Amino acid sequence: MRKKVIAGNWKMNKLPNEAIDFITELAPLVKDSKNEVIICVPYTDLFYSLLHTQDTNIKVGAQNMHFEEKGAYTGEVSGEMLKSIGVEYVIIGHSERRAYYGETDETVNKKLKKAHALGLKPIVCVGESLEQREDGSAKEVVTTQTKLALEGLKKDEVEKTIIAYEPIWAIGTGKTATKEDANETIKWIREKIEEIYGKDVSESVIIQYGGSVKSSNAKDLFEMSDIDGGLVGGASLDAQEFAKIVNYK
Ligand code: PEP
């Protein structure tokens, strides 16, 4: 039985004092949840968030990392740096990074390999654009992205990778994929993983849905057979709303 994993992606939002206030409000609201609760916060909030989540069931993640250990990469943060302060999760290949910062399937793959080598748990994002959805290539696009992201990983690493299926047209737009559509695509991704890595891996790998998840649609989405929780952007910025998503039942 796969666990539901609910991860918030704050993007470029919240100062450290706001992060601390959020955690203080969220912690008692989700303390009894059997779902995995993660907040992926800006780099400047990581240390404060780790300190303030210490006695809670809230896990902390970053939103990106570099695949090199160190060097002349101005403005970048390495996986080693994240690991050194106790970060557990890291989002890799979010569509905003692919669109605005030149993230490619190749860099996503390098980052995934590095994250696993360091024992960081990656949440890798895949998803089609509106154009790709309309021209009928959505499944092909997510299959290619998934295969290239996971290329060269060991079976146990694939098993420990969280995949977030995020149709780009649904991110931050208020448009959500129907639960049937989201489930069908996630099932498809699972089948492709089975073809390469076998049934034991495909049945245990966590595949989330992301794209305008909110408390009013979380239950419908998360109760589908193949949707193992969600990556939540906008709605994760409000502790009460995010808690309702985590406690969706
Ligand atoms: C995201 O940023 O990953 C996301 C899904 O955003 P939103 O929930 O705001 O659509």
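Indexing begins at 1, ligand by ligand and atom by atom, following the structure's order. Just so we're clear, the structure is a prediction, and the values are computed from it rather than from any experiment. Count residues from 1 along the sequence.
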Chemist: Can you find a side-chain donor-acceptor pair between Glu128 and Trp169 that sits under 3.5 Å?
Modeler: yes
Chemist: For atom CD of Glu76, is the number of surrounding heavy atoms from other residues, nucleotides or ligands below 6.0 Å larger than 12?
Modeler: yes
Chemist: Determine whether Glu69 and Ser78 satisfy the following criterion, side chain to side chain donor-acceptor pair (under 3.5 Å), listing intermediate values before the conclusion.
Modeler: CA-CA 6 Å; Glu69 179 189 347; Ser78 69; over 6 Å; no
Chemist: Relative to each other, are the rings of Phe222 and Tyr248 parallel, tilted or perpendicular (30° and 60° limits)?
Modeler: perpendicular
Chemist: Of the options Gln63, Lys11, Met12, which is the one that meets Pro42 in a side chain to side chain contact (heavy atoms under 4.5 Å, CB included)?
Modeler: Gln63
Chemist: Who are the residue neighbours of ligand 1 when the rule is a heavy atom under 4.0 Å from any of its atoms?
Modeler: Asn9, Lys11, His94, Glu166, Ala170, Ile171, Gly172, Gly210, Gly211, Ser212, Leu231, Val232, Gly233, Gly234
Chemist: Could you check whether atom CD of Glu223 has more than 12 heavy atoms from other residues, nucleotides or ligands sitting under 6.0 Å from it?
Modeler: yes
